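To start, the structure under review is shown below, and the notes come after it.
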Amino acid sequence: MKKLYIIAAAALTLGATSCDDTLDKQPLDEIVSNTQYWANDDNVQTQIDRFYNDYSGYGNGGGQGQFYFNALSDDQTDNSFANWTFTNIPASSSSWASPWSEIRGMNEVIVNVRKAHPGKEAFFEGVARMNRAYQYYQLVRAYGDVQWVNEPIDPADKDKVYAARDDRDVVMDSVLNDLNYAIATIGDGANKHVWSSDLAAAMKAEICLYEGTFCKYRTAADNGKAADAARANKYLQEAAGAAQKVINNKGYELSENYGDIYNALDLNDNKEIIFYKPYSQPNASFGHGTIAYTSSSTAHKGITKDAFNAFLFLDGKPLATTSENKSDAATLVNGKFDISNILAVRDKRLSVIVEPVLGLNDYELQRDEEGQLMTSSTGYCIRKFNNTSLSKYSRETIGQNTTAAPLFWLAKVYLDFAEAKAELGTLTQADLDNTINKLQARAGLPNMTLAPAADPANKIGVSNLIWEIRRVRRCELMLDGYRFYDLIRWHQLDKLDSQAHPDIFLGANVGNVAGAKFTVVNGYVRSTPDKERVYANKYYLYPIPSGQLVLNSKLEQNPLWTK
C-alpha cells in the first residue's frame, strides 16, 4: 500500500526552496486513496487530530507560542529590537509554506471522507473545513490575494499548479462558507480540547470581525482595495451572530478572576473556556516554555509605556482626565523600584500582567529567595503566565511548563460581539451590560455606557464608544498575540512607528538614575536606544517569497513590495 499522507508537526517548518516544492501545494508524500482506509473511523480521526498541531498555544517544548512572544506591537518591546517581520523579500517563508502544507491535508480528508465514509462524512468534513478556514484566514491576513484550493491538486495539472492568485474577498467568502458548514455539522465536543460547533462559532466571530473591520477601514493605497461598507456590514453581522450563539450557551461563564485561565494546570472544567491546549501532567513529556521565558535571567519582553497608559484608573477615567493619583514614577525602596502604589489605582488586570517591582540591570527582580534574577526591556516584568504552585524546576525549565493554554474563550467572544455591534451602530446598553461590563466589573472598573466621556488621546477619528471598546480589548488581551492584526484591521499600523510614537519603545518611569546600566530618556526606560522602527505602507502585507514567483509568474508580487 502507498504511504498515507499525514500532517505532521515537522511539516510546519518546510519552506519553498526548490522546484520540487512547487507552490508548496503538492503532497509531501504519496497520498493513499484507499476506500477501506478512509472508511475506518479511527483512521480518519487520526488524520483530523493532526490538525491540533496548528494551534501553538504556549508553544511546544522550547518553541515560541501565541502568547507573550509578539514584540512587534505597541504593547511590548524587546531589547534585541523587534523590527518588521520582513524588510526585504525572502526567498522562502514558513508563513507561506506552512498554511499550504496544512490545506493540502485538509483537502485530502474532505475528498476521501466524501467518497468512503457515508454517514459520518459531515462531521469529519466539518472539522477539516473549519481548520481549512483558519489556515486561509492566516494566509489572507498576511498576503492578501491567494489561490483558493478546495481539492487535492495533481502536480501534472499545470493550469491549477501555476494558477494566479484569487481576489482576497472571494477567498474570504469561501472561508465563511467553510465556517458555516462546520458550525452546522461538528456538534458538541466530549471535552474542551476537542473539536466542537461552539469552537467553530467562536472562530467565525473572530474571523468575521477581522474581515468586517478590515473592509470598513482599508484603503486602496495601503491595502490594494478601497473600503467596502456593504461588505463590512455583512461580515460584522455574521460576527455578531456567531458570537451571540456562543454567548447564548448557558454553559459558559467568566472566571472569577482575570488571569485564572492563563496559569491553570487544567482548563477542561473552566466555564470561561471554549477550546484549549493541554500539556502533560505531572512530568512534562509534552510541555512548553512560556513560564520559563518569563521567569529567566533573559530580559523579558516588557510592556510599553504606551500600553501601560492604556489602562484606565479605578475611577473609570484615562490618564488625561482621572481624579486618581496619575503619577507613574516608581519608588526606590531598599534598592528596588516599587510600583505597587501605581498599580493600586489602576485597572486590576494590570497588576496581574506585570510584577509590582521593576526588573532592571543592578535592580533585578527576584520572585522568591531561590528564583532567578530577572530584568525587563522596559522594567515591567511579566507575571501573567506564572503559576506559583509549580516547582521551581517546572517553572524555570524550558519544555517543562505544564499549564494549559486557552485558545478560544468567553471573554474574547464578548469583545468580538461588542465591537461588531458597535461598528454596526446597533450596540445597546443591554449588550454592553452582558459583555463589556462583565469584563469591566472583573477589572474593578465602573460600567461603560453607550456615550462614554471623550478621551483626549482619541485622535484617530472613531467614536468615543469604539475607542473605549478597543481599549477594553487591548487591556483584556494584553500579551495574548492579537494586537498586531488588530492594528492591521483598524488601519492603524502606523502606530508601530517608534519615531512618530516614541512611547512604544519606552517603559517605566524611574527618574534620573546615576550610573544606570540601562538607557533612560526623560526619566523613562528606553528599550532600544540606538534603533527605530519606521513605518511604510507596504507592511500591511507580507511579500510573496521570491522562490514562489520564480516557480509561478502568475502569482505576481504584492504591489507595494515592487517599488
Side-chain angles (χ1 to χ4, degrees), residues 67 192 198-199 201-206 208-209 213 236 239-264 267-276 310-318 343 345-353 384 406-453 455 463-480 482-483 486:
F67 299 85
K192 293 183 177 182
D198 279 352
L199 165 59
M203 187 182 293
K204 178 182 173 180
E206 174 185 321
C208 288
L209 177 64
T213 47
L236 291 169
Q244 187 72 70
K245 179 184 185 299
V246 178
I247 293 169
N248 286 347
N249 186 326
K250 303 303 182 184
Y252 297 113
E253 297 176 9
L254 281 186
S255 298
E256 182 177 352
N257 301 304
Y258 177 77
D260 286 353
I261 67 170
Y262 297 104
N263 48 48
L267 287 171
N268 196 58
D269 294 329
N270 187 299
K271 292 184 178 181
E272 186 170 347
I273 296 298
I274 299 164
F275 184 59
Y276 77 100
F311 289 85
L312 294 175
F313 289 73
L314 292 180
D315 61 3
K317 297 178 180 179
L343 297 177
V345 296
R346 284 170 167 81
D347 181 328
K348 291 181 179 180
R349 287 172 291 212
L350 189 54
S351 62
V352 173
I353 293 166
K384 183 174 181 177
L407 298 173
F408 289 87
W409 61 98
L410 186 60
K412 188 173 176 305
V413 174
Y414 281 169
L415 294 167
D416 294 343
F417 174 81
E419 185 181 344
K421 296 270 283 185
E423 292 284 2
L424 288 165
T426 61
L427 187 71
T428 68
Q429 187 62 49
D431 291 333
L432 274 178
D433 292 341
N434 289 328
T435 56
I436 294 294
N437 285 334
K438 291 182 178 181
L439 303 179
Q440 295 287 88
R442 188 167 69 173
L445 299 172
N447 280 350
M448 185 186 298
T449 69
L450 291 173
D455 180 358
S463 70
N464 296 335
L465 179 61
I466 289 175
W467 174 264
E468 292 303 329
I469 287 174
R470 289 183 183 182
R471 182 202 304 277
V472 177
R473 181 181 182 89
R474 183 182 190 182
C475 296
E476 185 76 21
L477 302 180
M478 185 71 63
L479 308 180
D480 291 2
Y482 294 99
R483 183 65 177 175
D486 281 347

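Everything quoted here is computed from the prediction, not taken from an experiment.
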Checklist entry - Is any side-chain heavy atom of Met448 less than 4.5 Å from a side-chain heavy atom of Ile469? => result yes
Checklist entry - Given side chains that start at C-beta, do those of Val352 and Tyr262 come closer than 4.5 Å, heavy atoms only? => result no
Checklist entry - In terms of heavy-atom contacts, does NZ of Lys348 have more than 12 from other residues, nucleotides or ligands at under 6.0 Å? => result no
Next on the checklist: Check Asp315 with Lys317, please: is the shortest side-chain N to carboxylate O separation under 4.0 Å?
Outcome noted: no
Next on the checklist: Looking only at side-chain N and O atoms, does Asn270 offer a donor or acceptor that is under 3.5 Å from a partner on Tyr276?
Outcome noted: no
Item to check | Heavy-atom closest pair, residues Leu267 and Pro406 | outcome: CD1-N, 3.9 Å
Checklist entry - Looking only at heavy atoms, which two atoms of Ala201 and Lys245 are closest? And how far apart? => result CB-CD, 3.9 Å
Checklist entry - With sequence neighbours left out, what residues match Asp269 under side chain to side chain donor-acceptor pair (under 3.5 Å)? => result none
Checklist entry - Is there a side-chain contact between Phe67 and Leu479 (heavy atoms, below 4.5 Å)? => result no
Checklist entry - Run the salt bridge (charged side-chain N to carboxylate O under 4.0 Å, His left out) check on Glu256 and Lys271 step by step: do they pass? => result CA-CA 10 Å; Glu256 182 177 352; Lys271 292 184 178 181; over 6 Å; no
Checklist entry - Could you give the distance from CG (Leu254) to CG (Leu410), rounded to the nearest 0.5 Å? => result 5.0 Å
Checklist outcome for this item: OH of Tyr414 to CD of Glu272, rounded to nearest 0.5 Å, is 8.5 Å
Item to check | Asp433: side-chain contact (heavy atoms from CB on, under 4.5 Å) partners, not counting sequence neighbours | outcome: Gln429, Asn437, Asn447
Item to check | Salt-bridge criterion met for Asp480 and Lys384 (N-O under 4.0 Å) | outcome: yes
Checklist entry - Heavy atoms, side chains only, cut-off 4.5 Å: are Lys421 and Gln244 in contact? => result no
Checklist entry - Of the non-hydrogen atoms in Asn464 and Ala453, which two are nearest, and what is the gap between them? => result ND2-C, 4.3 Å
Checklist entry - Any donor-acceptor pair under 3.5 Å linking the side chain of Thr449 with the backbone of Ala451? => result yes
Checklist entry - Is there side-chain contact between Val472 and Arg349, with heavy atoms separated by less than 4.5 Å? => result yes
Checklist entry - Is the closest side-chain heavy-atom distance between Tyr258 and Ile353 below 4.5 Å? => result yes
Checklist entry - Tell me, do Phe313 and Arg346 make a side-chain contact under 4.5 Å, heavy atoms counted? => result yes
Checklist entry - Is the backbone N or O of Leu312 less than 3.5 Å from a side-chain atom of Arg471, with the two atoms forming a donor-acceptor pair by type? => result no
Checklist entry - If you take all heavy atoms of Leu427 and Leu465, which pair is closest and at what distance? => result CD2-CD2, 4.0 Å
Checklist entry - Just how far is it from atom CG of Asp198 to atom CG of Asn248, taken to the nearest 0.5 Å? => result 10.5 Å
Checklist entry - In Å, rounded to the nearest 0.5 Å, how long is the span from OG1 of Thr426 to CG of Asp431? => result 7.0 Å
Checklist entry - Taking the side chain as C-beta and beyond, is there a heavy-atom pair between Thr213 and Leu236 under 4.5 Å? => result yes
Item to check | Met203 to Phe408 - nearest heavy-atom pair and separation | outcome: CA-CE2, 3.7 Å
Checklist entry - For residues 407-420, which residue pairs qualify under salt bridge (Lys or Arg N to Asp or Glu O under 4.0 Å), counting only residues two or more places apart or in two chains? => result Glu206-Lys412, Lys412-Asp416, Asp416-Arg473, Glu419-Arg489
Checklist entry - Is the shortest distance from a Lys or Arg side-chain nitrogen in Glu253 or Lys438 to a carboxylate oxygen in the other one below 4.0 Å? => result no
Next on the checklist: If you compare all heavy atoms of Trp467 against all heavy atoms of Asp455, which two are closest, and at what distance to 0.1 Å?
Outcome noted: NE1-OD2, 3.2 Å
Next on the checklist: Just verifying a value: how many Å separate Glu476 CD and Asp347 CG, rounded to the nearest 0.5 Å?
Outcome noted: 8.5 Å
Checklist entry - Passes side-chain contact (heavy atoms from CB on, under 4.5 Å), Arg483 versus Leu477? Steps please. => result CA-CA 8 Å; Arg483 183 65 177 175; Leu477 302 180; over 6 Å; no
Next on the checklist: Would you compute the distance between atom OG1 of Thr435 and atom CD of Gln440 and round it to the nearest 0.5 angstrom?
Outcome noted: 10.0 Å
Item to check | Any donor-acceptor N/O pair, Asn249 side chain to Gly251 backbone, under 3.5 Å | outcome: yes
